[in-house]
Trainee: 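Below is the structure I would like to discuss, written out as structure tokens.
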Amino acid sequence: MSFTALHRAVGTTPGPLTDDLLDTAVAAGTTEANDLDWKGKLPPAKGLAQTDFPKDVAAMANSGGGLIVYGVEESQKAATRRVDAGEFDETYERTLRSAAITAISPPVFGLNVHRLEADGKRAIAVEVPASIDGPHLIYRNDYFGAPIRNDSDTVWMKERQIEAMYRARFEERRHASEALDALFSEASAGRDSYTRAWLIAVAHPRIPRFRDRTTRERARYVLSETVPLALAYASRNGGVHPLENVDRNNPRPGLRRWVAVNMAIGDRSSWKEAWMSIHHDGSVTLAAAVGGHRKSHDTYFEGWEVESSAVECAIADVMALLRTTAEATNNEEYDVRVGIEWTGQEPLTILTRDNFGHIYDGASTPLYRYTPIETTVNAVEPPLDYHWHVHDLAQDCVNQGGISNVQVIRPPARSDSQ
């Protein structure tokens with residue numbers, strides 16, 4: 001679901017970007033605006049980075065996002081009729097996305113490309129997301145500039161505008177860091193980290209898309225959809241999944257969120273304690289006990305001993321929850337922080353298993369403090385790319401404890417055809 005300049009122009013509610021919607025906007029003579037740019041023919045694929053495409057995308061990103069529509073003629077800035085935009089295939093789409101990354105600094109990620117066609121007249125709508133990384137600059141030969149939309153025109157920023165946008169970028173980063181701090185503090189509060197280690201993972205959308213409050217039914221659906229995705233990242237045989245130890249069928253209300261409460265209770269199950277939450281703004285949190293897990297039928301690890309598989313399964317679960325929540329709340333880029341809270345006297349130790357399946361700590365590096373790992377992910381990127389982000393985050397988490405490789409999360413190999 002999206003709400004673009006075309007939806008606004010024809011007065012409709014958020015929904016898919018369709019051919020009928022474009023026809024209605026053209027028939028109404030919709031005029032160009034800050035977030036809408038009519039174009040006739042697609043630029044040539046060869047040398048795309050040297051055309052106006054990077055400038056148009058950067059201008060939209062610097063202006064809060066918008067829509068560039070190829071296949072519409074205009075007169076005096078108002079749409080007049082549909083025309084054929086030209087040949088467009090998967091290779092051309094990859095070229096568009098590549099130009100938005102390589103010809104713009106910092107890159108513009110997350111373009112949504114919509115293919116529309118009516119009566120043999122093809123149209124391509126490029127949806128440019130809002131960005132907090134502005135100003136986005138483009139380079140031409142030895143010069144660079146920061147384009148921005150001025151109503152229906154694209155102009156170049158003056159020095160003071162560029163300065164103001166840099167200040168805004170740094171301010172947004174501070175706010176994002178504060179948001180992660182607040183989520184992390186809430187998720188880690190009250191945990192018995194003096195007796196066993198807890199993995200705390202939080203994620204916050206970089207530009208929250210505030211919609212209606214998430215309903216209990218929607219939260220229940222998101223949690224149910226998360227299970228198969230998490231198990232695709234890390235199977236049940238690999239370790240303990242926090243997602244399977246929370247009440248997914250009956251999330252409880254919290255402060256602007258739904259909470260999947262712990263179901264692992266009692267003397268024989270409390271070592272698997274876990275809590276998860278889905279916030280109305282698209283944020284997600286996980287708190288899972290990872291120290292003191294069961295070693296065999298009647299023996300347990302010490303509270304400071306953490307199996308790497310427990311960390312991997314927790315990462316798989318929270319990243320799967322992030323992806324399904326992003327889809328449900330129409331969010332894209334997320335800031336993520338993962339840490340292990342342990343306040344006991346002994347140094348934290350991350351354990352792995354050898355080729356025979358036996359616990360092995362010969363490569364472990366004792367940690368008196370675990371440094372939280374932070375990253376930014378695009379929650380709606382292709383499945384394979386996202387799977388590798390899950391892998392890389394888990395690897396960063398176990399590397400800190402001296403463990404070289406992950407054992408549970410094994411994404412398919414990348415290839416040129418994928």
Trainee: Is it true that a side-chain atom of Trp388 and a backbone atom of Pro412 form a donor plus acceptor pair closer than 3.5 Å?
Mentor: yes
Trainee: Rounded to the nearest 0.5 Å, what separates atom CG in Leu48 from atom CZ in Arg97?
Mentor: 13.0 Å
Trainee: Say whether, by atom type as modelled, one donor and one acceptor occur between the side chain of Arg218 and the main chain of Arg216 under 3.5 angstrom.
Mentor: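 Absent.
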Trainee: Evaluate the criterion salt bridge (Lys or Arg N to Asp or Glu O under 4.0 Å) for residue pair Glu87 and Lys41; output intermediate values, then yes/no.
Mentor: CA-CA 9 Å; Glu87 292 291 337; Lys41 294 287 186 179; over 6 Å; no
Trainee: Check the side chains of Ser152 and Lys77 for a donor-acceptor pair under 3.5 angstrom, ignoring hydrogens and angles.
Mentor: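 Yes, Ser152 and Lys77 have a side-chain donor paired with an acceptor closer than 3.5 Å.
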Trainee: Mind checking whether Asn245 and Lys272 have side chains closer than 4.5 Å, heavy atoms only?
Mentor: yes
Trainee: Does a salt bridge link Asp281 with Arg256, judged by any charged N lying under 4.0 Å from a carboxylate O?
Mentor: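 No, this pair does not count.
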Trainee: Drop me the distance from Thr375's OG1 to Asp392's CG, to the nearest 0.5 angstrom.
Mentor: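 Reported value, rounded in 0.5 Å steps: 8.5 Å.
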Trainee: Do the side chains of Ile340 and Val311 get nearer than 4.5 Å, heavy atoms only?
Mentor: yes
Trainee: Between Ser364 (side chain only) and Ile350 (backbone N and O only), is there a donor and an acceptor less than 3.5 Å apart?
Mentor: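 Looks like yes, one N/O pair under 3.5 Å.
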Trainee: Is a donor from one side chain sitting under 3.5 angstrom from an acceptor on the other, for His204 and Ser283?
Mentor: yes
Trainee: Would you kindly say whether His136 and Ser105 are connected by a side-chain donor-acceptor distance under 3.5 Å?
Mentor: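 Result is no, nothing qualifies.
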Trainee: Mark yes or no for whether Ser185, through its side chain, and Asp181, through its backbone, hold a donor-acceptor pair below 3.5 Å.
Mentor: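 Yes, Ser185 side chain to Asp181 backbone: donor-acceptor pair under 3.5 Å.
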Trainee: So, for Gly401 and Leu367, which heavy atoms are closest and what is the spacing to 0.1 Å?
Mentor: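 It is CA-CD1, 3.9 Å.
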Trainee: Has Asn112 got a side-chain atom pairing as donor or acceptor with Pro129's backbone, closer than 3.5 angstrom?
Mentor: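 Not a single qualifying donor-acceptor pair exists.
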Trainee: Can you tell me how far CG of Leu17 sits from NE2 of His114, rounded to the nearest 0.5 angstrom?
Mentor: 5.0 Å
Trainee: Which heavy atom of Val338 sits nearest a heavy atom of Phe184, and at what distance?
Mentor: C-CE1, 4.4 Å
Trainee: What's the shortest heavy-atom distance between Ala33 and Arg149, and which atoms?
Mentor: O-NH2, 2.8 Å
Trainee: Do other residues, nucleotides or ligands put more than 12 heavy atoms under 6.0 Å from Lys295 NZ?
Mentor: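 It does: Lys295 NZ has more than 12 such atoms within range.
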Trainee: I would like to know whether Val336 and Glu374 meet side-chain contact (heavy atoms from CB on, under 4.5 Å); could you show each step before the answer?
Mentor: CA-CA 5 Å; Val336 181; Glu374 294 191 2; over 6 Å; no
Trainee: Testing the basics here: between Val408 and Cys313, what is the closest heavy-atom pair and its distance to 0.1 Å?
Mentor: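 Where Val408 meets Cys313 most closely, the heavy atoms are CG1-SG, 4.5 Å.
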Trainee: Is Glu171 paired with Arg167 through a side-chain N to carboxylate O contact shorter than 4.0 Å?
Mentor: no
Trainee: Considering the options Lys121, Lys39, Arg81, which one meets the salt bridge (charged side-chain N to carboxylate O under 4.0 Å, His left out) requirement together with Glu73?
Mentor: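 Checked Lys121, Lys39, Arg81 against Glu73; only one passes salt bridge (charged side-chain N to carboxylate O under 4.0 Å, His left out): Arg81.
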Trainee: Given 3.5 Å as the limit, does a donor-acceptor pair link the side chain of Asn62 with the main chain of Pro147, or not?
Mentor: yes
Trainee: Please determine if Glu244 and Arg236 form a salt bridge, counting it only when a charged side-chain N lies under 4.0 Å from a carboxylate O.
Mentor: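 Counted as a salt bridge, because a side-chain N and a carboxylate O are separated by less than 4.0 Å.
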Trainee: Determine, stepwise, if the pair Met60 / Ile68 fulfils side-chain contact (heavy atoms from CB on, under 4.5 Å).
Mentor: CA-CA 8 Å; Met60 283 291 184; Ile68 305 170; 4.1 Å; yes
Trainee: Heavy-atom distance under 4.5 Å between the side chains of Val380 and Asn378, does that happen here?
Mentor: yes
Trainee: Is any side-chain heavy atom of Val83 less than 4.5 Å from a side-chain heavy atom of Val72?
Mentor: no
Trainee: State, without any angle test, whether Thr352 and Gln407 hold a side-chain donor-acceptor pair at a distance under 3.5 Å.
Mentor: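 Present: a donor and an acceptor within the cut-off.
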Trainee: Would you call the rings of His293 and Trp271 parallel, tilted or perpendicular, taking 30° and 60° as the class edges?
Mentor: perpendicular
Trainee: Backbone N or O of Leu321 within a donor-acceptor pair of the Thr324 side chain at under 3.5 Å?
Mentor: yes
Trainee: Around Phe144, counting heavy atoms of other residues, nucleotides and ligands shown, do more than 12 lie under 6.0 Å from its CZ?
Mentor: no
Trainee: Would His279 and Ser277 count as having a side-chain donor-acceptor pair, cut-off 3.5 Å?
Mentor: yes
Trainee: Check whether any side-chain heavy atom of Glu93 sits under 4.5 Å from a side-chain heavy atom of Arg115, and report yes or no.
Mentor: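 Yes. Closest side-chain heavy atoms under 4.5 Å.
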Trainee: Any heavy-atom pair between the side chains of Val108 and Ser131 that's under 4.5 Å?
Mentor: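 Sidechains of Val108 and Ser131: no contact.
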Trainee: Atom CG of Leu6 and atom OG1 of Thr24: how far apart are they, to the nearest 0.5 Å?
Mentor: 9.5 Å
Trainee: To check you understand the geometry: which heavy-atom pair defines the closest contact between Ile278 and Ala219, and what is its length?
Mentor: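 Closest approach of Ile278 to Ala219: CD1-O, 4.0 Å.
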Trainee: Can a side-chain donor-acceptor contact be found between His389 and Glu381 if the only test is distance below 3.5 angstrom?
Mentor: yes
Trainee: So that I can tick it off, tell me whether Arg196 and Glu273 are bridged by a salt bridge, with the cut-off set at under 4.0 angstrom between side-chain N and carboxylate O.
Mentor: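 Arg196 and Glu273: salt-bridged.
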Trainee: Check the surroundings of atom CZ in Arg160: do more than 12 heavy atoms from other residues, nucleotides or ligands lie under 6.0 Å from it?
Mentor: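 Count not over threshold, so no.
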Trainee: Just checking, is any N or O donor in the side chain of Thr376 or Asp335 under 3.5 Å from an acceptor N or O on the other one?
Mentor: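 There is such a pair between these side chains.
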Trainee: Looking at Leu286 and Ala314, what are the two nearest heavy atoms and their distance?
Mentor: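 In terms of heavy atoms, the two residues are closest at CD2-O, 3.5 Å.
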Trainee: Less than 4.5 Å apart, any side-chain heavy atom of Leu21 and any of Leu116?
Mentor: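 No, too far: nothing below the 4.5 Å cut-off.
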Trainee: Among Thr325, Leu183, Thr329, find the residue that satisfies the side-chain contact (heavy atoms from CB on, under 4.5 Å) test when tested with Val284.
Mentor: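 With Val284 as partner, side-chain contact (heavy atoms from CB on, under 4.5 Å) holds for just one option, Thr325.
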Trainee: Does the ring of Phe301 carry Arg294 above it, NZ/CZ under 6.0 angstrom from centre and within 45° of its axis?
Mentor: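 So Arg294 doesn't make the cation-pi contact.
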Trainee: Mind checking whether Tyr233 and Tyr386 have parallel, tilted or perpendicular rings, split at 30° and 60°?
Mentor: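 Taking Tyr386 first and then Tyr233, their aromatic rings sit tilted (interplane angle of 30° to 60°).
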Trainee: Using modelled atom types and a 3.5 Å cut-off, is there a donor and acceptor pairing between side-chain atoms of Glu32 and backbone atoms of Trp38?
Mentor: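 Checking the backbone N and O of Trp38 against the side chain of Glu32, a donor-acceptor pair under 3.5 Å is found.
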Trainee: Ignoring hydrogens and angles, tell me if any N or O in the side chain of Trp275 forms a donor-acceptor pair with the backbone of Ala260 under 3.5 Å.
Mentor: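 Not at all, since once roles are kept as given, no pair shorter than 3.5 Å links the two residues.
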Trainee: Counting only heavy atoms not in Tyr92, do more than 12 fall under 6.0 Å of its OH?
Mentor: yes
Trainee: Applying side-chain contact (heavy atoms from CB on, under 4.5 Å), run through Ser98 and Arg94 and close with a yes or a no.
Mentor: CA-CA 6 Å; Ser98 177; Arg94 285 200 298 266; over 6 Å; no
Trainee: Answer yes or no: is there a side-chain heavy-atom contact under 4.5 Å between Leu42 and Ile124?
Mentor: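 Touching, per the 4.5 Å side-chain cut-off.
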Trainee: Closer than 4.0 angstrom, basic N to acidic O: yes or no for Glu225 and Arg323?
Mentor: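 A salt bridge is absent here (no side-chain N lies under 4.0 Å from a carboxylate O).
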Trainee: Crowded around Glu159 CD? As in, over 12 foreign heavy atoms under 6.0 Å?
Mentor: no
Trainee: Step through the shown structure and confirm whether more than 12 heavy atoms of other residues, nucleotides or ligands are within 6.0 Å of CD on Glu327.
Mentor: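 Incorrect, the count does not exceed 12.
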Trainee: Under the criterion salt bridge (Lys or Arg N to Asp or Glu O under 4.0 Å), I'd like the reasoning laid out for Asp133 against Arg169: C-alpha separation, chi angles, the key distance, then a yes or no.
Mentor: CA-CA 6 Å; Asp133 292 326; Arg169 182 202 290 188; 5.2 Å; no
Trainee: Looking at Arg248 and Ser224, would you say the former's side chain and the latter's main chain have a donor-acceptor pair under 3.5 Å?
Mentor: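 Checked: no pair found.
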Trainee: Any chance you could lay out the side-chain contact (heavy atoms from CB on, under 4.5 Å) test for Ile315 and Cys397, step after step, and finish with the verdict?
Mentor: CA-CA 9 Å; Ile315 296 298; Cys397 290; 4.0 Å; yes
